[in-house]
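Below: one structure, written as structure tokens.
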Number of protein chains: 2
Amino acid sequence: MQNRLTINDIARLSGVGKSTVSRVLNNEGNVSPQTRERVLQVIEQEHFSPSKSARAMRGFSDKIVAIIVSRLDSPSENQAVRAMLPLFYQQGYDPIVLESQFSAERVKEHLQVLKQRNIDGVVLFGFTGLSAQMLTPWKDKLVMLARDMPGLSSVCYDDAGAVQLLMQKLLAQNIRSIGFIGVSAHDTTTGQRRSEAYRAFCQEHHLTPHIALGELTYQSGFELIPQLLSRKIQAVICASDTIAIGAQKYLQQQQIRDVQVCGIGNNPLLHFLFPESLSVELGYGAGGEAAAKQLLAQLDGSATLQQLMIPGQLAV
Amino acid sequence: MQNRLTINDIARLSGVGKSTVSRVLNNEGNVSPQTRERVLQVIEQEHFSPSKSARAMRGFSDKIVAIIVSRLDSPSENQAVRAMLPLFYQQGYDPIVLESQFSAERVKEHLQVLKQRNIDGVVLFGFTGLSAQMLTPWKDKLVMLARDMPGLSSVCYDDAGAVQLLMQKLLAQNIRSIGFIGVSAHDTTTGQRRSEAYRAFCQEHHLTPHIALGELTYQSGFELIPQLLSRKIQAVICASDTIAIGAQKYLQQQQIRDVQVCGIGNNPLLHFLFPESLSVELGYGAGGEAAAKQLLAQLDGSATLQQLMIPGQLAV
DNA sequence: CTGTTAGCGCTTTCAA
DNA sequence: TTGAAAGCGCTAACAG
């Protein structure tokens with residue numbers, strides 16, 4: 001698969017100078033139709049394609065972006081990544097995918113490598129523990145997803161709004177004893193923001209909060225919901241659909257049918273298994289898309305730093 | 001994040017020639033310790049790192065590999081990819097991730113782009129419809145996963161073995177009326193091979209086959225299992241855990257407790273939701289790891305083409 | 001419209 | 001042990 005031929009060979013083969021070939025390659029106007037035709041033909045014939053490295057060296061961009069996910073198997077991140085890919089391909093960018101495993105240290109390493117590569121841009125899935133210091137140098141070519149940081153472009157999900165949406169819906173059904181299963185505040189978005197929104201809503205509407213915190217796993221939902229049941233809740237809001245699945249599993253096993261389970265994420269599996277659940281679509285796909293668009297816009301100079309928030313909506 | 005400094009600047013700053021800097025950079029021996037020390041210090045101070053493109057142009061490899069998955073959200077592919085990543089990082093390779101969406105055409109496009117990039121190697125997640133013709137040019141730097149093809153390196157999962165493992169286990173429990181929910185033979189591995197293995201096993205052991213074919217979704221499992229129940233099966237083998245989840249859901253809903261459900265893939269969610277299920281771990285992680293290792297070995301010349309098969313095993 | 005020329009940042013002879 | 005010089009494949013002035 002070596003690309004043995006160079007622009008020189010093509011020039012020779014079609015009897016023109018290499019700059020002419022270059023012009024043809026870059027679709028510049030000032031080439032006579034016949035010459036262009038001839039060159040194109042040779043290029044086609046020889047299956048020639050110009051070396052990216054060489055043009056990269058000429059100051060052209062390498063057309064590579066990086067996507068740093070925390071875990072590739074997180075459904076939300078997965079969905080966001082899949083939404084970005086076509087947008088990048090379409091603009092001729094190839095995405096390098098890197099996993100941070102929620103380690104700031106690893107992000108640092110990755111950025112180090114990316115720097116050598118003269119990468120064009122980065123989409124970083126944010127998580128708690130990332131320092132502004134290591135990111136600001138990248139600000140012009142970086143978009144952070146799922147978290148924001150002063151002086152950085154970002155696309156966030158509306159964590160608080162999602163919780164409110166669910167709470168309102170429950171209130172409207174005249175359900176006032178509502179529990180919450182979340183994750184530790186160590187996690188800013190899924191943890192802190194959603195718990196906080198729950199607390200605030202309870203206070204504002206004079207509801208007694210019932211909170212249980214654990215991990216972002218179905219096991220956690222399964223194990224924590226009994227605590228809440230002992231407080232006679234009529235409904236429970238889970239900080240994620242994964243947790244909700246765990247909670248539902250417990251209720252099903254105990255044959256408890258009068259507790260409304262709510263989740264966040266609109267995971268299709270939750271709906272399939274427990275159609276009676278309520279979930280909020282946070283817009284992971286839309287988030288990925290927005291992040292990619294924002295990055296592309298930043299790269300071609302048509303946009304400056306910007307913090308976006310993707311609205312969520314109740315899933316049907 | 002522009003890498004403004006060049007090897008020249010470093011040379012100037014440390015009062016040596018650029019070739020010396022180059023030598024230091026490449027850890028060549030013929031540099032006096034003091035000089036080396038001085039240069040390293042400047043490099044460190046200026047946060048200099050050499051441009052990949054430039055060295056790529058000098059014939060050096062760009063240290064980029066591509067991973068062409070069919071769908072990033074397939075749990076099996078996901079798991080395999082995650083297993084590869086660290087291996088590639090460790091060897092200094094950065095992986096570009098591309099989705100084929102099961103379209104041979106798209107694979108072709110991607111390979112086209114990769115060629116321009118002078119990519120080092122490719123891991124391709126195989127699917128039905130790929131033509132040998134478009135892949136053979138890549139044979140030295142390509143490993144196919146989940147499918148094999150003459151003249152190409154590949155890592156396969158033991159589809160037939162997985163089915164046999166399950167069937168044997170059932171037979172040992174004296175269960176002889178066994179159904180099968182699969183997907184159409186259009187899909188070579190999950191479809192054809194697993195169905196075929198089921199059929200063959202039935203024939204060999206004088207069992208009556210009961211087959212229902214649909215798609216690779218939980219809905220499909222849910223919808224198809226009734227057909228099989230009408231044939232009074234005692235157990236059902238599902239071509240994937242996803243299907244198994246659907247089947248279990250139906251059984252649960254109908255309160256049917258005497259049908260043993262088996263799946264393939266060892267999906268943790270299946271075990272969590274329906275611990276009574278039986279599943280075979282096909283070794284997706286091991287497969288990804290094997291594919292990455294094989295590719296790396298091929299690239300550094302320490303291995304030739306090779307077809308591997310990852311053995312499956314019953315999950316506990 | 002087209003060819004010539006001079007680099008991009010790096011590695012690699014070849015002399016010193 | 002070092003530096004000077006010659007490219008790698010390409011683009012971008014600058015002349016024709």
[X] [atom1] to [N] [atom2]: how many Å, rounded?
{"X": "B:Arg117", "N": "D:dG9", "atom1": "CZ", "atom2": "C1'", "value": "16 Å"}
{"X": "A:Arg55", "N": "D:dT11", "atom1": "CZ", "atom2": "P", "value": "4 Å"}
{"X": "B:Lys52", "N": "C:dC10", "atom1": "NZ", "atom2": "C1'", "value": "14 Å"}
{"X": "B:Asp62", "N": "D:dG9", "atom1": "CG", "atom2": "P", "value": "15 Å"}
{"X": "A:Asn30", "N": "D:dC14", "atom1": "CG", "atom2": "P", "value": "15 Å"}
{"X": "B:Phe48", "N": "C:dG9", "atom1": "CZ", "atom2": "P", "value": "10 Å"}
{"X": "A:Ile7", "N": "D:dC10", "atom1": "CD1", "atom2": "P", "value": "5 Å"}

Problem - Degree of bending in the helix from C:dC1-D:dG16 to C:dA16-D:dT1 once both end axes are built from five pairs, to 10° - result: 40°
Ignoring hydrogens and angles, write down the donor-acceptor pairs under 3.5 Å from the side chains of residues 90-98 of chain B, residues two or more places apart or on other chains.
{"unit_1": "B:Asp94", "atom_1": "OD2", "unit_2": "A:Arg117", "atom_2": "NE", "d": "2.8"}
{"unit_1": "B:Asp94", "atom_1": "OD2", "unit_2": "A:Arg117", "atom_2": "NH2", "d": "3.2"}

Completion exercise
Expected list for residues 20-28 of chain A near DNA chain C, using heavy atoms below 4.0 Å, is A:Thr20, A:Arg23
Practice task
Enumerate the residues from residues 8-19 of chain A whose closest heavy atom to DNA chain D is under 4.0 Å, giving them by residue number; use none for an empty result.
Solution key: A:Lys18, A:Ser19
Close side-chain approach of [X] to [Y], heavy-atom, < 4.5 Å:
{"X": "B:Phe125", "Y": "B:Arg71", "answer": "no"}
{"X": "B:Leu142", "Y": "B:Ser153", "answer": "no"}
{"X": "A:Asp62", "Y": "A:Ile119", "answer": "no"}

Problem - Distance test, side-chain N/O of A:Ser51 to OP1/OP2 of D:dC8, below 4.0 Å - result: no
Problem - Those residues that, when tested against B:Glu46, pass side-chain contact (heavy atoms from CB on, under 4.5 Å) (two or more places apart) - result: B:Leu5, B:Ile10, B:Leu13, B:Val42
Does one side chain, of [X] or [Y], offer a donor that lies under 3.5 Å from an acceptor on the other?
{"X": "A:Ser22", "Y": "A:Ser19", "answer": "no"}
{"X": "A:Glu77", "Y": "A:Ser70", "answer": "yes"}
{"X": "A:Gln41", "Y": "A:Gln45", "answer": "no"}

Practice task
Give A:Ser53 one of three labels, base, sugar-phosphate or nothing, depending on what nucleic acid heavy atoms sit under 4.0 Å from its own.
Solution key: nothing
Practice task
Specify the residue among B:Arg58 and B:Val31 whose closest nucleotide of DNA chain D lies further upstream toward the 5′ end.
Solution key: B:Val31
Handout entry: Distance, nearest 0.5 Å, that separates CD of A:Glu109 from OG of A:Ser103
Key = 7.0 Å
Handout entry: Charged N-O contact under 4.0 Å between A:Lys141 and A:Asp120
Key = no
Which pairs would a plain distance check flag for residues 145-152 of chain B, meaning a side-chain donor or acceptor within less than 3.5 Å of a matching protein atom at least two apart in sequence or in another chain?
{"unit_1": "B:Arg147", "atom_1": "NH1", "unit_2": "B:Thr128", "atom_2": "OG1", "d": "3.0"}
{"unit_1": "B:Arg147", "atom_1": "NH1", "unit_2": "B:Thr188", "atom_2": "OG1", "d": "3.3"}
{"unit_1": "B:Arg147", "atom_1": "NH2", "unit_2": "B:Thr189", "atom_2": "OG1", "d": "2.9"}
{"unit_1": "B:Asp148", "atom_1": "OD1", "unit_2": "B:Arg193", "atom_2": "NH2", "d": "3.3"}

